[in-house]
Amino acid sequence: MPTSSNTDNEAGDACPLCGGLGYVARDLPTDHPDFGKLFPCSCKLSEREQRRMEQLRSLSNLDHLARLTFDNFVPDGYQLTPSQSATLRFAYDMAQRYAEDPQGWLILFGKYGCGKTHLAAAIANRAIERRQPVLFVVVPDLLDYLRAAFAPNSPTTYDERFDQVRNAPLLILDDLGTQSSTAWAQEKLFQILNYRYNARMPTVITSNHRLEEIDLRIRSRMVDTDVATVLTITAPDFRRSPIDRGQSDLSSLSLLEDMTFDTFSLREDELKPDERENLRRAVELCRRYAEEPSDWLVLQGDYGCGKTHLAASIANQRVAEGQPALFVVVPELLDHLRATFSPSSQVRFDQRFEEVRRAPLLVLDDLGTESASPWAQEKLYQLFNYRYIARVPTIITMTQTIDEVDPRLRSRMSDVGRCTIFGIIASSYRGSPQRRKERKSYGRSRNSRG
């Protein structure tokens, strides 16, 4: 006969098994060790499960992500290269299959805005549709949630919260690597992921870091192919305009959108015949390089001769075709690197330096105008040496002659097998013969009046 004291059920909604009491005694022989004991009724278990799902949903804060589903995801992206589109499509297909039957770990790497959070949220929303409990949480928010348990007025203990996260039937951790890298934070994350790894519990992780930047203890579990599937999405940020996609936040190319081959002027009515021919050949060389960037291209000439415009034209054409390009003025690059040593910097030096060093296409504008401190020289040499050995497409503009360049850089730029140096002899468009003549005439008229 059902027996109990506490109940959350109203009399009018009495359960036929427990009569609304919430607990039942099992029909067992008198000599059974559980004879006479009360056990939660199925209605009580269902109620607890419902409360548990509500708690997970509340913690997940999925209400503002409810719009992120597989139905409104664009698996082929916008204006992507075939390789970028292929990685996005593959991640979409894998995420859909995972959502149907969550098993093991699914790990999505990629830059901001590539779609990995959308896919992770779509997996969570699919689970909710099926009334399956899921915990979706951004990693820094998760750590704040755990820290809050130490507050005197916390409604739950730290152990309860930690166990709630660690044992979530499906755990989705968004933005791994953006959290504060304190020893406590690293230890908590390791404990959670190590537990779930050993228990083979369904887990989805997204990160905008590279695999080798993840804590070694966690990384070793990520690379276990028996448990984890690791995917890298190479698509650029879909939120940015086509001309901006694939650019770093330190790139100044967005400020040079108007510098294209179509807007470049050969100034045929200003230049001498040999200068016109020289500038025409420079444009042809840059157009060919833009079609298929390979090795290094160095454009040397006076200020205003057009070398920056041509370098930006190459980069803008590549970006318009969906290829990433990093355009940075050398003194500004060094300032960006120095800024990473600030305590308030959100980017580490090694992250910023690697971003530049490994850029698929790098334009270094105004080499030679930077401060020639030993530190600056060493950083530029490390950058040049890596890209020289790896033969990564690089464009350099400078007003100096090759003989004035740092010897270590000059030795690599002088390798005709890997570097093409083109000297532009055209005079500055800001000081064309016509304009110089006008200025001289204006000066003479002022002197005559004086």
Visitor: At what distance, to the nearest 0.5 angstrom, does CE of Met398 lie from NZ of Lys307?
Guide: 10.0 Å
Visitor: Which of these, Ile214, Val227, Asp215, sits in a side chain to side chain contact (heavy atoms under 4.5 Å, CB included) with Met222?
Guide: Ile214
Visitor: Which pairs count as salt bridge (Lys or Arg N to Asp or Glu O under 4.0 Å) when at least one residue sits in residues 322-342, sequence neighbours excluded?
Guide: Asp335-Arg338
Visitor: Would you give the length of the straight line joining atom OG1 of Thr399 to atom CG of Asp366, rounded to the nearest 0.5 angstrom?
Guide: 6.5 Å
Visitor: Could you tell me whether the side chain of Thr263 and the main chain of Thr260 form a donor-acceptor pair under 3.5 Å?
Guide: yes
Visitor: Centroid separation under 6.0 Å, is that true for the rings of Tyr289 and Trp296?
Guide: no
Visitor: List in chain and number order the residues that pass side chain to side chain donor-acceptor pair (under 3.5 Å) with Thr117, two or more places apart in sequence or in another chain; answer none if no residue qualifies.
Guide: Asp174
Visitor: Taking ring pair (Phe, Tyr, Trp, His ring centres under 6.0 Å) as the definition, give me every residue that meets it alongside Phe109, ordered by chain and number, with sequence neighbours left out.
Guide: none
Visitor: Determine yes or no for a side-chain-to-main-chain donor-acceptor pair under 3.5 angstrom, with Asn194 supplying the side chain and Gln191 the backbone.
Guide: no
Visitor: Is a side-chain donor or acceptor of Thr340 paired with a backbone partner of Arg348 at a separation under 3.5 angstrom?
Guide: no
Visitor: Could you tell me whether the side chain of Tyr197 reaches within less than 4.5 Å of the side chain of Asp224, counting heavy atoms only?
Guide: yes
Visitor: Kindly compute the distance separating CG (Asp226) from CZ (Arg200), expressed to the nearest 0.5 Å.
Guide: 7.0 Å
Visitor: Who pairs with Tyr158 by ring pair (Phe, Tyr, Trp, His ring centres under 6.0 Å), at least two apart in sequence or on another chain?
Guide: Phe150, Phe162
Visitor: Would you say Ser373's side chain and Ala376's backbone share a donor-acceptor pair under 3.5 angstrom?
Guide: yes
Visitor: Sequence neighbours left out, what passes ring pair (Phe, Tyr, Trp, His ring centres under 6.0 Å) with Phe73? Give chain and number order.
Guide: Tyr92, His118
Visitor: Whether the Thr397 and Asp365 side chains hold a donor-acceptor pair (N or O, under 3.5 Å, no angle test) is what I'd like checked.
Guide: yes
Visitor: Looking only at atom types and distance, does a side-chain atom of Arg387 sit under 3.5 Å from a main-chain N or O of Pro393, one as donor and one as acceptor?
Guide: yes
Visitor: Do Phe261 and Ile314 make a side-chain contact, defined as non-hydrogen atoms from C-beta onward lying under 4.5 Å apart?
Guide: yes
Visitor: Taking Arg219 for the side chain and Glu213 for the main chain, is one N or O donor matched with an acceptor at less than 3.5 Å?
Guide: no
Visitor: Does a side-chain heavy-atom distance below 4.5 Å link Leu88 with Gln84?
Guide: no
Visitor: With sequence neighbours left out, what residues match Asp175 under salt bridge (Lys or Arg N to Asp or Glu O under 4.0 Å)?
Guide: none
Visitor: Do Phe349 and Phe353 have their ring centres less than 6.0 Å from each other?
Guide: yes
Visitor: With sequence neighbours left out, what residues match Arg130 under salt bridge (Lys or Arg N to Asp or Glu O under 4.0 Å)?
Guide: Glu100
Visitor: How long is the gap from CG on Leu361 to CD on Gln317, to the nearest 0.5 Å?
Guide: 11.0 Å
Visitor: Ring pair (Phe, Tyr, Trp, His ring centres under 6.0 Å) with Tyr381: which residues, sequence neighbours excluded?
Guide: none
Visitor: Regarding Arg67 and Asn72, is there a side-chain donor-to-acceptor distance under 3.5 Å anywhere?
Guide: no
Visitor: Find out whether Ile396 and Leu297 are in side-chain contact, i.e. whether some heavy atom of one side chain is under 4.5 Å from a heavy atom of the other.
Guide: no
Visitor: If the condition is salt bridge (Lys or Arg N to Asp or Glu O under 4.0 Å), which residues does Arg221 pass it with, not counting sequence neighbours?
Guide: none
Visitor: Validate the cation-pi geometry between Arg161 and Tyr145: distance from NZ or CZ to the six-membered ring centre under 6.0 Å, angle to the ring axis within 45°.
Guide: yes
Visitor: Sorted by first residue and then second, give each salt bridge (Lys or Arg N to Asp or Glu O under 4.0 Å) pair with at least one member in residues 181-192; sequence neighbours left out.
Guide: Glu187-Arg217
Visitor: Looking at Leu255, is its backbone amide N or carbonyl O close enough to the side chain of Ser252 to form a donor-acceptor pair, meaning the two atoms are under 3.5 Å apart?
Guide: no
Visitor: Quick one: CZ on Arg352 to CG on Leu333, what's the gap to the nearest 0.5 Å?
Guide: 9.5 Å
Visitor: Are a donor atom and an acceptor atom from the side chains of Thr234 and Thr87 found within less than 3.5 Å of each other?
Guide: yes
Visitor: Short question: side chain of Asn316, backbone of Ala312 - any donor-acceptor pair under 3.5 Å?
Guide: yes
Visitor: Whether the side chain of Ser207 engages the backbone of Gly177 through a donor-acceptor N/O pair (distance < 3.5 Å, no angle test) should be reported.
Guide: no
Visitor: Identify, with sequence neighbours excluded, every residue that meets salt bridge (Lys or Arg N to Asp or Glu O under 4.0 Å) alongside Glu378.
Guide: Arg408
Visitor: Any donor-acceptor pair under 3.5 Å linking the side chain of Arg318 with the backbone of Ser313?
Guide: no
Visitor: Nearest 0.5 Å, what's the NE2-CD distance between His336 and Glu355?
Guide: 9.5 Å
Visitor: If a pair satisfies salt bridge (Lys or Arg N to Asp or Glu O under 4.0 Å) and one of its residues is in residues 290-299, list it, with sequence neighbours excluded.
Guide: Asp295-Arg391
